[in-house]
**Q** 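Starting off with a structure, shown below.
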2 protein chains.
Amino acid sequence: MTVSEPAAGRRVTAVDVAREAGVSRATVGFVLNNTRGQTIPKDTRERVLRASERLGYRPNSAARTLASGRSRIILLVLPDWPIEFRMRNYLDEASLALDRAGYSLVTYTRHADQTARPLWESLSPDLVVGTIPFSPPDVDSMLACGVRKIHPNPGRTEPIDASLALSAGPRLQVDHLHERGHRNLVYAAAVEAHASSMIAARFQAASERARSLGLAALTLEEINYRSASTDETIRRMFDAGITGVVAFNDDVAAAVASGAVRAGLRMPDDLAVIGHDDSPIAAMFVPALSTIRIDTVALGRRFADFVLRSVEQRPAPTSRTVVEPTLVQRETS
Amino acid sequence: MTVSEPAAGRRVTAVDVAREAGVSRATVGFVLNNTRGQTIPKDTRERVLRASERLGYRPNSAARTLASGRSRIILLVLPDWPIEFRMRNYLDEASLALDRAGYSLVTYTRHADQTARPLWESLSPDLVVGTIPFSPPDVDSMLACGVRKIHPNPGRTEPIDASLALSAGPRLQVDHLHERGHRNLVYAAAVEAHASSMIAARFQAASERARSLGLAALTLEEINYRSASTDETIRRMFDAGITGVVAFNDDVAAAVASGAVRAGLRMPDDLAVIGHDDSPIAAMFVPALSTIRIDTVALGRRFADFVLRSVEQRPAPTSRTVVEPTLVQRETS
DNA sequence: CTGAAAGCGCTTACAG
DNA sequence: CTGAAAGCGCTTACAG
């Protein structure tokens with residue numbers, strides 16, 4: 001395995017561009033950064049732009065960060081949990097929108113028992129966003145590294161809703177099973193500890209909806225979808241009078257459906273299950289899984305709006321549209 | 001959504017540590033970086049370490065990068081393709097090993113039609129590693145951004161094997177079906193264009209093995225696992241005398257198995273299928289999928305070794321062990 | 001409208 | 001063994 005050695009030639013700097021364009025270094029910066037308050041004549045501006053283009057100038061990001069005190073990097077810390085299918089679209093959209101505003105989005109999955117130095121030490125992000133609150137040591141570490149903004153805001157408890165775990169989805173799941181006539185529901189989640197806070201958030205949303213619909217209190221059933229022994233769990237639930245399962249995501253729903261089939265139950269007559277996220281497995285599973293689809297593109301834009309508002313003193317976002325999930329009914333409900 | 005505003009207090013710098021420890025700025029650097037060739041007396045060293053600890057000093061990464069010309073960041077560019085399940089462990093292991101050597105691993109999924117500026121512009125990584133060769137514009141962009149090492153090496157064609165798409169897995173798939181008595185095989189992959197190069201690599205490895213075993217030439221069958229109409233495809237294959245399907249990954253294998261069940265075929269008697277990666281779906285699918293398991297931890301270490309060798313002038317890796325995939329036989333073969 | 005210059009916080013030869 | 005100082009390549013008041 002060999003690795004390329006670029007031409008030894010010095011990297012092009014702003015000095016080179018200034019010389020090529022016949023202006024001062026400062027002017028190069030003003031033109032390239034569109035600095036407001038500077039009135040650069042049109043032809044000077046064009047000369048600089050052309051020189052920069054011709055030389056293939058790329059500003060040194062470390063120098064820029066050091067001088068300006070801002071890295072224009074947004075660090076998104078994701079939970080140690082398999083990325084959900086739709087998350088990819090979400091992130092693509094968010095990072096495109098942020099790029100247009102001159103920011104780079106870096107995603108980072110932190111291992112649960114991470115002994116490694118956290119990524120914010122080496123990236124100096126302007127903002128660190130997490131899906132769940134950060135531990136006090138993490139917050140201290142960020143502050144020591146000069147991170148200026150952190151979300152969720154340490155100290156305050158904020159609705160996780162704001163970022164990734166919408167509660168509208170779980171509510172919709174419960175509503176759907178309720179409409180289909182189910183009165184005894186259970187909430188199913190995976191046994192993995194990683195996702196605990198996200199599970200808790202979704203479970204709570206589902207529970208509240210069940211309560212307000214006058215249903216029996218929702219209990220949380222743990223499903224180990226890597227073992228084949230879910231059938232017993234399902235059988236036990238069925239014997240206890242459960243007819244509907246609200247699943248944390250489609251993987252869990254698939255495990256439940258698979259266990260139900262193995263236990264000899266008919267779906268959705270004996271038991272109904274609804275997943276969440278509309279991942280590929282939902283459509284292809286036998287029986288095909290009912291689920292909740294999320295408008296990830298809209299969510300991504302909303303995330304970008306949120307980021308820009310907190311990093312800059314931006315006005316309100318482009319549009320205050322609410323992102324509503326939709327029901328996808330298939331064979332399991 | 002509010003965002004925290006850290007204490008306005010100035011960030012701790014090396015000057016503060018030097019003052020606190022009663023030494024010069026330079027000495028602080030020497031101690032903290034373990035600069036070789038400098039002989040620091042033990043108690044000076046400890047004084048500096050304690051002062052740094054007490055003040056919660058974190059070096060400014062931008063300043064360090066600018067001064068040293070190295071960011072100690074490794075950028076791994078992943079294809080625009082759902083991250084395979086086991087990849088997560090792989091990356092965790094690699095990033096832990098790199099962290100111990102003082103490097104940070106940043107992963108980055110590039111969108112196919114990405115109009116956004118690439119991440120190497122804002123991160124100034126010392127090394128950019130991709131799973132597939134970079135386009136000439138990408139390479140130019142990296143060079144202009146001061147990236148010193150690129151892999152795969154532009155210009156040379158290198159075995160993709162070196163990084164992520166091992167060819168031992170596909171070979172094992174073919175061997176297994178061959179041993180089970182199958183002579184007419186087909187290679188199944190998803191229709192998504194994103195993974196084309198990885199599919200091509202795995203397909204090629206499988207094809208070569210089939211040829212060397214004296215089997216009929218392998219054809220590539222495209223499976224759309226988001227539609228329910230795979231049954232027809234499967235039926236057609238079966239009628240054409242195919243008895244074994246080598247799947248690109250477990251998702252594809254699941255789609256094939258699901259189609260086979262729908263088409264009324266018995267597995268593995270009428271049709272056998274083997275997946276790749278041993279993702280969670282493989283164990284939980286009905287029927288449970290035979291697949292290939294990869295030792296991702298060992299692979300992760302090997303990746304870290306490779307990175308360190310190319311970024312520094314490191315000696316050969318810890319051990320030149322070959323990472324062999326293993327067969328996991330379940331109900332579909 | 002444009003330029004000279006200080007400063008961001010490090011690293012690293014170079015003197016002592 | 002330790003320190004003074006130049007330099008990395010930008011940004012940004014501040015003068016002209």
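Below, read A as the first sequence line, B as the second, and so on, with proteins coming before strands; counting in each chain starts at 1.
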**Q** Send over the distance from B:E46 CD to D:dC1 C1', rounded to a whole Å.
**A**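 So the two atoms are 17 Å apart, to the nearest Å.
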**Q** Going by side-chain hydrogen bond (donor to acceptor under 3.5 Å, both in side chains), name the residues that satisfy it together with B:Y57, two or more places apart in sequence or in a different chain.
**A**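 For B:Y57, no residue satisfies side-chain hydrogen bond (donor to acceptor under 3.5 Å, both in side chains) once neighbours in sequence are set aside.
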**Q** Checking B:D99 now: which residues fulfil salt bridge (charged side-chain N to carboxylate O under 4.0 Å, His left out) with it, not counting sequence neighbours?
**A**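 Salt bridge (charged side-chain N to carboxylate O under 4.0 Å, His left out) list for B:D99, sorted by chain: A:R117.
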**Q** Among residues at least two apart in sequence or on other chains, which ones pass side-chain hydrogen bond (donor to acceptor under 3.5 Å, both in side chains) with A:T27?
**A**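 A:T27: side-chain hydrogen bond (donor to acceptor under 3.5 Å, both in side chains) contacts with A:S24.
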**Q** Under 4.0 Å, heavy atoms only, any strand: does A:A14 hit a base, just the sugar-phosphate, or nothing?
**A**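 Sugar-phosphate, no base atom in range.
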**Q** When the distance from CG of A:N33 to P of D:dG9 is rounded to whole Å, what number comes out?
**A**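 One finds 17 Å between P of D:dG9 and CG of A:N33, rounded.
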**Q** Measure the distance from CZ on B:R45 to C1' on D:dT2 and round it to the nearest whole Å.
**A**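 Between C1' of D:dT2 and CZ of B:R45: 14 Å.
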**Q** Roughly, in whole Å, what's the span from CZ in B:R11 to P in C:dC8?
**A**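 Checked: the CZ to P distance equals 14 Å.
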**Q** With no hydrogens and no angle check, do the side chains of B:S71 and B:T65 hold a donor and an acceptor under 3.5 Å apart?
**A**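 Short answer, no.
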**Q** Please pick, from D:dA4, C:dA13, C:dG3, the nucleotide with the shortest atom-to-atom distance to any side-chain atom of A:F30.
**A**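 When the side chain of A:F30 is considered, C:dG3 is the closest of D:dA4, C:dA13, C:dG3.
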**Q** I need the CZ-C1' distance between A:R72 and C:dC8, as an integer number of Å.
**A**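 Taking CZ of A:R72 and C1' of C:dC8, I get 17 Å after rounding.
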**Q** Quick one: A:Y57 OH to D:dG9 C1', roughly how many Å, whole number?
**A**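 Atom OH in A:Y57 sits about 7 Å away from atom C1' in D:dG9.
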**Q** Map every base of DNA chain D to its dot-bracket character, where paired means a Watson-Crick or G-U wobble contact with both distances under 3.5 Å and | marks a partner outside the strand.
**A** |||.||||||||.|||
**Q** Can you tell me how far C1' of D:dT11 sits from CG of A:L32, to the nearest Å?
**A**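 Spelled out: CG on A:L32 to C1' on D:dT11 is 13 Å.
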**Q** According to a strict under-4.0 Å criterion, is A:T27 in side-chain N/O contact with OP1 or OP2 of C:dG3?
**A**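 So the side chain of A:T27 is within the cut-off, an N or O lying under 4.0 Å from OP1 or OP2 of C:dG3.
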**Q** Which residues pass the salt bridge (charged side-chain N to carboxylate O under 4.0 Å, His left out) test with B:R100, sequence neighbours left out?
**A**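 In terms of salt bridge (charged side-chain N to carboxylate O under 4.0 Å, His left out), with neighbours along the sequence ignored, B:R100 is linked to no residue.
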**Q** Can you tell me if A:N60 touches the phosphate of D:dC8, counting only side-chain N or O atoms and a distance under 4.0 Å to OP1 or OP2?
**A**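 Answer no for this pair, as no side-chain N or O of A:N60 is under 4.0 Å from OP1 or OP2.
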**Q** In whole Å, I'd like the distance from the CG atom of A:D16 to the C1' atom of D:dC8.
**A**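 Checked: the CG to C1' distance equals 14 Å.
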**Q** Here's a test for you: under side-chain contact (heavy atoms from CB on, under 4.5 Å), which of B:D126, B:L127, B:V106, B:T107 qualifies with B:L75?
**A**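 Running side-chain contact (heavy atoms from CB on, under 4.5 Å) over B:D126, B:L127, B:V106, B:T107 with B:L75 returns exactly one hit, B:V106.
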**Q** Taking only residues two or more places apart in sequence or in another chain, which ones pass side-chain contact (heavy atoms from CB on, under 4.5 Å) with A:A21?
**A**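 Partners of A:A21 under the side-chain contact (heavy atoms from CB on, under 4.5 Å) test: A:V23, A:V48, A:A51.
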**Q** Which pairs with one or both residues in residues 48-68 of chain A pass salt bridge (charged side-chain N to carboxylate O under 4.0 Å, His left out), sequence neighbours excluded?
**A**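 Found A:E20-A:R54, A:R58-B:E121.
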**Q** Below 4.0 angstrom, which residues in residues 63-70 of chain B have at least one non-hydrogen atom near DNA chain D?
**A**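 The stretch gives B:L66, B:A67 as the residues lying under 4.0 Å from the strand, ordered by number.
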**Q** Applying salt bridge (charged side-chain N to carboxylate O under 4.0 Å, His left out), can you list everything that pairs with A:D16, at least two apart in sequence or on another chain?
**A**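 Once residues adjacent in sequence are excluded, the partners of A:D16 under the salt bridge (charged side-chain N to carboxylate O under 4.0 Å, His left out) criterion are A:R10, A:R19.
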